[in-house]
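Counting begins at 1 with the first residue of the sequence. Computed from a predicted structure; not experimentally measured.
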Amino acid sequence: MPDAVSSRLRSTRRTPGRALISSERIGRRVRQIGHEVSEVYADIDTPLVLVAILKGATVFAADLLRSLSIPAELEFVRAASYGAGTRTTGRVKIAHMVEGPLVGRHVLLVEDIVDSGRTIDTILKRFRKLRPASLRVAALLDRPARREIAVQIDFTGFVIPDRFVIGYGLDYAGLYRELPGIYALS
Ligand code: IMP
Ligand code: MG
């Protein structure tokens, strides 16, 4: 089924039907989150460290960064979960870590979607060991239906139903990240 869907989407048009969340709605919500984040961190005395979780969160992180009215640095972390497909298989490892110390820094992890919670949980555990002054999570999407590990999300874009989604950085088999809106795979 996923391969059939995939080739159908590629062969017809790049936008698979009606968006679950339009690019306009995403834009408005990301600007709101940027405003909230800027208020929460208004009084910190070092630049915020925005850490985008590769690769899916890069599009969200780029827009969020430009919605901030406070100084911020940009870093990247890469988590690899074993296996491919539309479900997280279980074990998650960190494949690329941020450069430089985070001791005493205010860190905001930026994720595209929190699904089982395993990816963000693994990254949070690793980052806590680096003794940041604060550690929070901004997730564009929250899909609570498949949660296996409870995680606190400090800034949430949209809570979505139990559908696999693509677009705005989110991929299926490496494709569709370029779509400006978010679409559900049927
Ligand atoms: P978790 O570890 O199960 O919470 O999964 C989070 C990671 O799985 C995200 O960083 C995404 O890369 C990927 N992921 C989960 N659900 C989707 C989806 O619906 N579309 C695309 N990627 C997803
Ligand atoms: Mg992915």
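- In the hydrophobic cluster analysis, where Ile, Leu, Val, Met, Phe, Trp and Tyr join through side-chain heavy atoms closer than 4.5 angstrom, L135 is grouped together with I153.
- V49 and I120 end up in the same hydrophobic cluster when Ile, Leu, Val, Met, Phe, Trp and Tyr side chains are linked at under 4.5 Å.
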Check against side-chain contact (heavy atoms from CB on, under 4.5 Å), I182 and F158: CA-CA 11 Å; I182 290 172; F158 304 93; 5.7 Å; no
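- Scanning all heavy atoms of the two residues, the minimum distance from A184 to R163 falls at CB-NH2, 3.4 Å.
- Distance alone, capped at 3.5 Å, places no donor-acceptor pair between the R143 side chain and the S116 backbone.
- With a 4.5 Å cut-off on side-chain heavy atoms, F164 and L170 do not count as touching.
- Heavy atoms only, all atoms of each residue included: D112 and G56 are closest at OD2-CA, 3.2 Å.
- Minimum interatomic distance between A79 and I123 (heavy atoms only, all atoms of both residues): CB-CD1, 3.9 Å.
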side-chain contact (heavy atoms from CB on, under 4.5 Å) evaluation trace for I94 with M97: CA-CA 7 Å; I94 304 222; M97 192 48 188; 4.3 Å; yes
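- Here the closest heavy-atom approach between residue I33 and residue G157 is recorded as CD1-CA, 3.7 Å.
- Note on R147 versus D142: salt bridge recorded, some NZ/NE/NH1/NH2 to OD/OE distance being below 4.0 Å.
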Y168 vs L140, side-chain contact (heavy atoms from CB on, under 4.5 Å): CA-CA, chis, key distance, verdict: CA-CA 10 Å; Y168 195 72; L140 180 72; 3.4 Å; yes
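- Relative ring orientation between Y41 and H106 is described as perpendicular, the plane-to-plane angle rising above 60° on a 0-90° scale split at 30° and 60°.
- Within the model, atoms OG of S67 and CD of Q32 stand 10.5 Å from one another, a figure rounded to the nearest 0.5 Å.
- Note on F60: it clusters hydrophobically with V165, by side-chain heavy-atom contacts below 4.5 Å among ILVMFWY residues.
- Counting non-hydrogen atoms of neighbouring residues, nucleotides and ligands closer than 6.0 angstrom, the CZ atom of R29 exceeds 12 such neighbours.
- Taken together through direct or relayed side-chain contacts under 4.5 Å among Ile, Leu, Val, Met, Phe, Trp and Tyr, L185 and I113 form parts of separate hydrophobic clusters.
- In this structure a side-chain-to-backbone donor-acceptor pair under 3.5 Å is missing from R105 to P101.
- The shortest side-chain heavy-atom distance between V51 and V107 falls under the 4.5 Å cut-off.
- A donor-acceptor contact shorter than 3.5 Å is absent between the side chain of R78 and the backbone of H96.
- Once rounded to the nearest 0.5 Å, the distance linking CG of D121 with CD of Q152 reads 12.5 Å.
- With a 4.5 Å cut-off on side-chain heavy atoms, F155 and V137 do not count as touching.
- Put simply, CD1 on I44 and OG on S134 are 7.0 Å apart, with the number rounded to the nearest 0.5 Å.
- L68 has its side chain within reach of V37: a pair of non-hydrogen atoms, C-beta onward, lies under 4.5 Å apart.
- Judged by distance alone, the side chain of R31 and the main-chain N or O of I26 form no donor-acceptor pair under 3.5 Å.
- Separating the OH atom in Y183 from the CG atom in L20 is a distance of 10.5 Å, to the nearest 0.5 Å.
- Note on I160: it does not cluster hydrophobically with V114, by side-chain heavy-atom contacts below 4.5 Å among ILVMFWY residues.
- Using a 4.5 Å cut-off on side-chain heavy atoms (C-beta onward), V59 and R177 make no contact.
- Closest approach of L65 and A72 over heavy atoms only: CD1-CB, 3.9 Å.
- Nearest approach of A95 to A80, heavy atoms of both residues: CB-CB, 4.4 Å.
- From E75, atom CD reaches atom CG of L108 across 13.0 Å, with rounding to the nearest 0.5 Å.
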Derivation of the side-chain contact (heavy atoms from CB on, under 4.5 Å) call for D171 and I166: CA-CA 5 Å; D171 73 303; I166 53 172; over 6 Å; no
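- With rounding to the nearest 0.5 angstrom, the CD1 atom of I21 is 12.0 Å from the CZ atom of R28.
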